[in-house]
A.B. asks: 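Quick one: structure below, then a few questions.
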4 protein chains.
Amino acid sequence: MFDKFERLSEEKQKRIINAVIKELANKGYKQASTDIIAKEAVISKGALFNYFNNKKGMFRYVFDYSVMIILEEFYEKIDVSKADVIERYKDAVLIKLELMNEYPDIFNFFTKVTLEDDAEINSIIEEKINEVYKESFAKLFSGLDMNIFKEGIDIQKAINIIIWSLKGYSDQLLLEYKKTKVSLSDIDNEKILNELNEYLELLKKCLYK
Amino acid sequence: MFDKFERLSEEKQKRIINAVIKELANKGYKQASTDIIAKEAVISKGALFNYFNNKKGMFRYVFDYSVMIILEEFYEKIDVSKADVIERYKDAVLIKLELMNEYPDIFNFFTKVTLEDDAEINSIIEEKINEVYKESFAKLFSGLDMNIFKEGIDIQKAINIIIWSLKGYSDQLLLEYKKTKVSLSDIDNEKILNELNEYLELLKKCLYK
Amino acid sequence: MFDKFERLSEEKQKRIINAVIKELANKGYKQASTDIIAKEAVISKGALFNYFNNKKGMFRYVFDYSVMIILEEFYEKIDVSKADVIERYKDAVLIKLELMNEYPDIFNFFTKVTLEDDAEINSIIEEKINEVYKESFAKLFSGLDMNIFKEGIDIQKAINIIIWSLKGYSDQLLLEYKKTKVSLSDIDNEKILNELNEYLELLKKCLYK
Amino acid sequence: MFDKFERLSEEKQKRIINAVIKELANKGYKQASTDIIAKEAVISKGALFNYFNNKKGMFRYVFDYSVMIILEEFYEKIDVSKADVIERYKDAVLIKLELMNEYPDIFNFFTKVTLEDDAEINSIIEEKINEVYKESFAKLFSGLDMNIFKEGIDIQKAINIIIWSLKGYSDQLLLEYKKTKVSLSDIDNEKILNELNEYLELLKKCLYK
DNA sequence: TATGAATGAGGATTCATTCAT
DNA sequence: TATGAATGAATCCTCATTCAT
């Protein structure tokens, strides 16, 4: 399918992929300009269409690539030997924040992607999510110790509350940093970690034996 | 400013507003087509520009309108005499779900609007949010009984966990209905209310005296 | 033809005519906006088209009107008893400058009109010029004493040189005032009259006995 | 700036430039249609905007081009060794008439251009005039013998009368040819030259020693 | 007779995609 | 294989003219 592209030197592939992701992250699919992408990648517009056939193909390629990159890095970093639910999810959230810092364009791209209105683009996205979902879900849940919860508590509900709280906290964090236009890398980690831990201690006191 | 528009028959105003909101909800600001809006509203393109001067004006008008509609309905429905934090927020979420059911296009429009690229559009949005925020915030918090929480619990953190959990639950609900393409109005209300109450009972047991 | 218009009160006719001339003077025929004219005249756009049928009719009416006004004023002011060619033409130029000061919009309108590209508009203009030309030409030449020129001089050529010099001088004057954005009414008359007289003395010395 | 355009074949450049000048000469800036220009030049509308970015850029390019062409031809033809004022200006006028015959669209364009309403267009024009004025002025005046005038004559005034007379004569000529719709190239040169010389002899007899 | 809302063709500009070189 | 010029449909917006009230 994209063998023409993959026969290019790795350096050129990276340059092109980064240019595509950057423009998609900035503008979303429809408003992304192939002209700007070609310029940013320092290749001709014709080449872009040779490699990916059309804009949709280009999207499909870099979306698959982006998902792959993030999952690989995530799997590498997550410690599946921790049995404590809260600690495992806390790690997951912190890794996500780290990765957002390392690959900001990819995450902006993912955010933009959630609201695309093109039917074909949406099916590409959905397809990928279905493909990836089960595997990563299993990874996140494997080997957790469910006996840690208090008697009489609905474990699935408790886990959801934990996940939603962590998501709520990190979303709030990102909103603040977006508002103040401070990069994630400028985060005062200690203060945030402390605050996060306080939330998690509260949840532990509530939910754990 | 928009007096030409407001001199139209109410029926026509509604038809136009709905057409604009629908297109904005589907495509976002930049990709929304004034051509399609005019066709959907069964008016000429020229008329659209007579009423709103330009696309930005059109956006401004229906955005203000949408915010007003939703807030009015919300204020009418929310019961500010309930002092129980969880019950108050549960009501807020249920009202939001009801309104999403009643005005699905407006909520899709609001969702799309969060990711607009256009600087002027963003400032229109921000301006409105600033105008509206304090008032509605006060409404949601006024008269709450904060003594209900267990001793030693950080009240702000507890409230955040409640809010995030409610948001998490309703987001999950919406995702499910979006996936199965079932309208919110087809919700089996009893089942959902039961499930929601279970979550809230869990939180009460954890956080309340 | 335009009886509907002419049945209006004189005050209203004036208001409308002035609005039309002003817009035509500013923008030329094609770019003149009937909307702006209606607003300036404080009448409805529909009325404008009732009075003049269409934009062309409107043009025809105010062009005829403008030519009539200027000619009437000119004939009233020109002293046909002066037999001296140079003095007669000097008067004509000075009267023209006076009228430009009194009716600046009309003269700007006339200037714009010379470069219209609409075929029908051009034929309206040409028609009027042909109608008016002979009469005013006769007025300007009647009763001149041609014996004043030196023997052996081609009188028609001498007259042309006089006319062209006067035109050159007044054009230069207008250009200066346009450049410095000073209104004609702010002209330092004495200085200009002196300079003009010096030109005319030179011509008299050359051409007269 | 316009390198994309200048990389085209000379034939295509000419075709496009001529189409642009023709439309601008006919309609003026605002009313000129890029659609018609593209059709006349037998290129796509998109191409036009690739070459010149926008309508203003297109104007700027062909205006600069036109000024350059005319000045080059003029400088090539004017004989600066003639010291006689009248002969020098006579040459200038004859060259102008020749060039009007050779490049009628350019001169119509220049005429239209004097009455443009658009502020940016006017500043482009003024800028160019300022750039070109001094140089061409110097060319026209350099090496003239001012001792040829009679004693007691104001030389500047005499020169102005010469210039205005020449301008008057050539304007009259052009008006006649415009009226009879005869092209300048059909001019009976001998008759005109004789008449022009008679005017100039009259001026010489008046003004020269 | 007067109004001004409605129309729709026409205007400048953009951009994914093609294709000759 | 790589290039980038060329295309033309689609975009927002304007305005003379019409016509129901």
A.B. asks: C:Arg7 has an atom CZ; how far is it from atom P of E:dT1, in whole Å?
C.D. replies: 6 Å
A.B. asks: Base contacts versus sugar-phosphate-only contacts with protein, heavy atoms under 4.0 Å: please encode nucleotides 12-21 of chain F as B, S and - from 5' to 3'.
C.D. replies: BBB-BBB---
A.B. asks: To the nearest Å, how far apart are C:Leu8 CG and E:dT3 P?
C.D. replies: 10 Å
A.B. asks: Reading 5' to 3' and counting Watson-Crick or G-U wobble pairs with both distances under 3.5 Å, write the dot-bracket notation for DNA chain F, | for bases paired outside the strand.
C.D. replies: .||||||||||||||||||||
A.B. asks: Please state how far atom NZ in B:Lys39 lies from atom C1' in E:dT7, giving the value in whole angstrom units.
C.D. replies: 14 Å
A.B. asks: State, with a plain yes or no, whether a side-chain heavy atom of B:Phe63 is found less than 4.5 Å away from one of B:Ile121.
C.D. replies: no
A.B. asks: Mind calculating the distance between CD1 (B:Ile37) and P (F:dA10) to the nearest angstrom?
C.D. replies: 17 Å
A.B. asks: Scan B:Lys12 against the nucleic acid and name what it touches under 4.0 Å (heavy atoms): base, sugar-phosphate only, or nothing.
C.D. replies: sugar-phosphate
A.B. asks: For B:Ile36 and for A:Ile43, find the nucleotide of DNA chain F with the closest heavy atom, then tell me which residue's nucleotide is more 5'.
C.D. replies: A:Ile43
A.B. asks: Just the rounded figure in Å: distance from P of F:dA9 to CG of D:Leu48.
C.D. replies: 17 Å
A.B. asks: Would you please confirm or rule out a distance under 4.0 Å between OP1 or OP2 of E:dA5 and any side-chain N or O of B:Tyr51?
C.D. replies: no
A.B. asks: Ring-plane angle category for B:Tyr61 and B:Phe5, please: parallel below 30°, perpendicular beyond 60°, tilted otherwise.
C.D. replies: perpendicular
A.B. asks: Within 45° of the axis and under 6.0 Å from the centre of the six-membered ring of B:Tyr29, does NZ or CZ of B:Lys55 qualify?
C.D. replies: yes
A.B. asks: Could you give the CZ-to-P distance, from D:Phe52 to E:dT14, as a whole number of Å?
C.D. replies: 15 Å
A.B. asks: Whole-Å distance between E:dT13 P and D:Phe59 CZ?
C.D. replies: 14 Å
